[in-house]
Amino acid sequence: MKLHDRPLAFIGPMGSGKSSLARRVSAKYGGEVIDIDKEFTRRYGSISDFFAQKGEQAFRELEQNLLVEAAGSGAAYISTGGGAVLGRRGMYALRKTCTVVYLTAPIEVLKERISRSDRPLKNDLERTVEARAPLYEKYADYTIDTSVDSVRELERALKSKRKNRYDVLLCDSDDTLLDFQKARSVAIRAAAEKFGLPCGADECDRAYKSVVCKVWHRLERGEITGEKLKTERFVELGKALGIEFDVAAFNEAYTSEMIKTRFVLDGATEFLQAVRERGIKRYIITNSFTNFANERLKPILPFVDGAFVSEQVGYYKPDVRFFDSVCRAIGEGDRSRILVFGDSETSDIKGGTDSGLDTCRLVSAPNACTDADYAVCGYGEVLDIL
Ligand code: S3P
C-alpha cells in the first residue's frame with residue numbers, strides 16, 4: 001500500500017522526529033529515505049566540526065545544495081535539518097516535487113529528545129524554534145504533532161486534501177498561454193505580402209524574428225516607450241533587410257493581421273480551468289498594446305478573472321510599478337500567496353522577483369538556467385506547485 005502519491009519532505013526543529021519518522025514510514029510502506037544531515041556527514045564529516053571550522057554560512061550553502069539534489073532524486077522520504085527552511089533554493093525545490101510535512105512537538109519534548117546529542121545550535125533551541133516557526137508554517141502542506149505516534153498522525157493528516165499554496169496566479173499570455181511565435185510569423189508574412197515589401201515572406205519572417213526581441217528588451221529596460229516600440233521594431237526590420245518603407249503604415253498592417261490570429265497553446269484552457277477548480281484566481285499579465293491584446297486574448301478571457309495589459313496599466317513588465325498596480329487592483333492581500341507564471345526571464349521572472357512575488361518559469365528544457373523559484377516544462381507541473 002502506498003502512503004502518498006508524491007515524495008514526502010519532513011521539516012521542523014531539531015528533535016521534532018524527522019529522521020525517525022522517515023525511517024519508520026519507510027519500514028512500513030517501503031521507499032528510499034534521504035536524511036540530509038546524514039548525507040552531509042557522509043560527504044563533509046561531522047556537522048559540529050564543520051560549524052566550528054567553516055562557520056554556519058558555509059554549512060547552509062551545502063545544505064541547500066543537498067536539498068536541491070534530494071528533491072530531484074525521486075526518494076520517497078526526505079528528512080531535512082532543522083535549518084533547511086532558512087534557504088529559499090532548497091525549499092522551493094522540495095515544494096516542487098514533494099509534499100512538505102511540518103513536524104512539531106512541545107518545547108520540553110524537543111529539549112528532552114536532543115539533550116544527549118552534540119548539535120551545534122542545541123543550546124539556543126527555544127529562541128530558534130520561535131524565530132523559525134513562521135518559515136515552517138509558510139512551507140508546510142501539513143502539520144503534525146509528533147509527541148505521541150507520529151506515523152499514525154502522518155497517516156491521518158495525509159487523508160485530508162492539501163491546502164493551496166497560492167491564492168492567485170498571474171499568468172503571462174504570449175508563449176505561456178498563446179502561441180506567439182506562430183502568430184507573429186503568420187502575421188508578419190501576411191503583412192509583408194499585403195504591404196508589398198520588396199522581399200519574400202520567408203526572408204521578412206526570419207529578419208523580424210532576429211530583431212524584435214532586442215527591441216522589446218530595450219522597452220523592458222525602460223530605454224524606449226511602448227509607443228516608440230510600435231515603429232522602432234520595423235525600423236530595425238528595415239535595417240536588417242536593407243530596405244526603407246513607411247514603418248507607421250507597416251505597423252498598422254502588422255497589427256491588423258496579428259489581431260486576427262487565434263493560436264492557443266495545447267492544454268492552456270484546460271490548465272486555466274483546472275486552476276479555477278482549485279479555487280485559485282487567475283489574471284493575465286501581458287506586455288502588449290490595448291487594441292491588440294483585447295482581440296488576441298479573446299479565446300482565453302473566458303477562463304480567467306481578468307487581464308492586465310501594460311499599455312493600459314501605464315507600465316511594462318518588469319517594472320515593479322506594473323506589478324504593484326496589478327496587486328492593488330486585485331485587492332493585494334498576502335504577496336507570498338501570489339505566483340507569477342511566464343516564459344520570460346527578463347519580464348515575468350525579473351518583475352515578479354523584484355516585486356516580492358514567487359515566480360515560476362515555463363522553460364523548454366528541465367535544466368534551463370533561471371532565477372525563478374520554480375522552472376517547469378508544462379502546465380501539469382504548475383498544478384502540482386499550486
Ligand atoms: C540544525 C539542525 C540539525 C543540523 C544542524 C543545524 C538547525 O538538524 O542540520 O545541526 O539549524 O536547526 P536536525 O534538525 O536534524 O537536528
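What you see below is based on every heavy atom in this structure, not just the backbone, and it leaves out hydrogens, waters and symmetry mates. Every number for a ligand or one of its atoms is a count from 1 in the order of the listing.
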Fill in: N or O contact, Arg60 vs ligand 1, cut-off under 3.5 Å
yes
Practice prompt. Go through the steps to decide whether Asp348 and Lys317 satisfy the test salt bridge (Lys or Arg N to Asp or Glu O under 4.0 Å), and finish with yes or no.
Written response: CA-CA 7 Å; Asp348 306 312; Lys317 298 180 288 184; 2.7 Å; yes
Practice prompt. Run the numbers for me: atoms of ligand 1, each under 4.0 Å from some heavy atom of Gly83, listed by number.
Written response: 7 (C), 11 (O), 12 (O)
Worksheet item: Which residue supplies the protein heavy atom nearest to atom 10 (O) of ligand 1, what is that atom called, and how far is it?
Response: Pro120 CD, 3.4 Å
Practice prompt. Could you tell me the residue and atom name of the protein heavy atom closest to atom 16 (O) of ligand 1, and the distance to it rounded to 0.1 Å?
Written response: Arg119 NE, 2.4 Å
Worksheet entry | Contact with ligand 1 for Arg132, non-hydrogen, under 4.0 angstrom | yes
Worksheet item: Which atoms of ligand 1 sit under 4.0 Å from any heavy atom of Met14?
Response: 1 (C), 2 (C), 7 (C), 12 (O), 14 (O), 16 (O)
Item to complete: Could you go through the salt bridge (Lys or Arg N to Asp or Glu O under 4.0 Å) check for Glu223 and Lys228 one step at a time?
Response: CA-CA 10 Å; Glu223 293 165 12; Lys228 176 86 178 158; over 6 Å; no
Discussion item. For Tyr29 together with Tyr77, are the ring centres under 6.0 Å from each other?
Written reply: no
Fill in: Chi angles and distances behind the side chain to side chain contact (heavy atoms under 4.5 Å, CB included) call for Arg361, Phe341
CA-CA 6 Å; Arg361 182 166 175 213; Phe341 173 44; over 6 Å; no
Fill in: Nearest-contact summary for atom 8 (O) of ligand 1 - protein heavy atom, Å
Asp37 OD2, 2.5 Å
Practice prompt. Determine whether the aromatic ring centres of Phe40 and Phe59 lie less than 6.0 Å apart.
Written response: yes
Discussion item. Between Asp358 and Tyr92, is there a side-chain donor-acceptor contact under 3.5 Å, judged purely by atom types and distance?
Written reply: yes
Worksheet item: Would you say Gly82 and ligand 1 have an N/O pair spaced under 3.5 Å apart?
Response: yes
Worksheet, complete the sentence: Honestly, for Phe40 the part within reach of ligand 1 (heavy atoms, under 4.0 Å) is neither
Worksheet item: Ser185 side chain to Lys182 main-chain N or O, any donor-acceptor pair under 3.5 Å?
Response: no
Practice prompt. Determine, considering heavy atoms only, which of Leu103, Ile47, Val129 sits nearest to atom 5 (C) of ligand 1.
Written response: Ile47
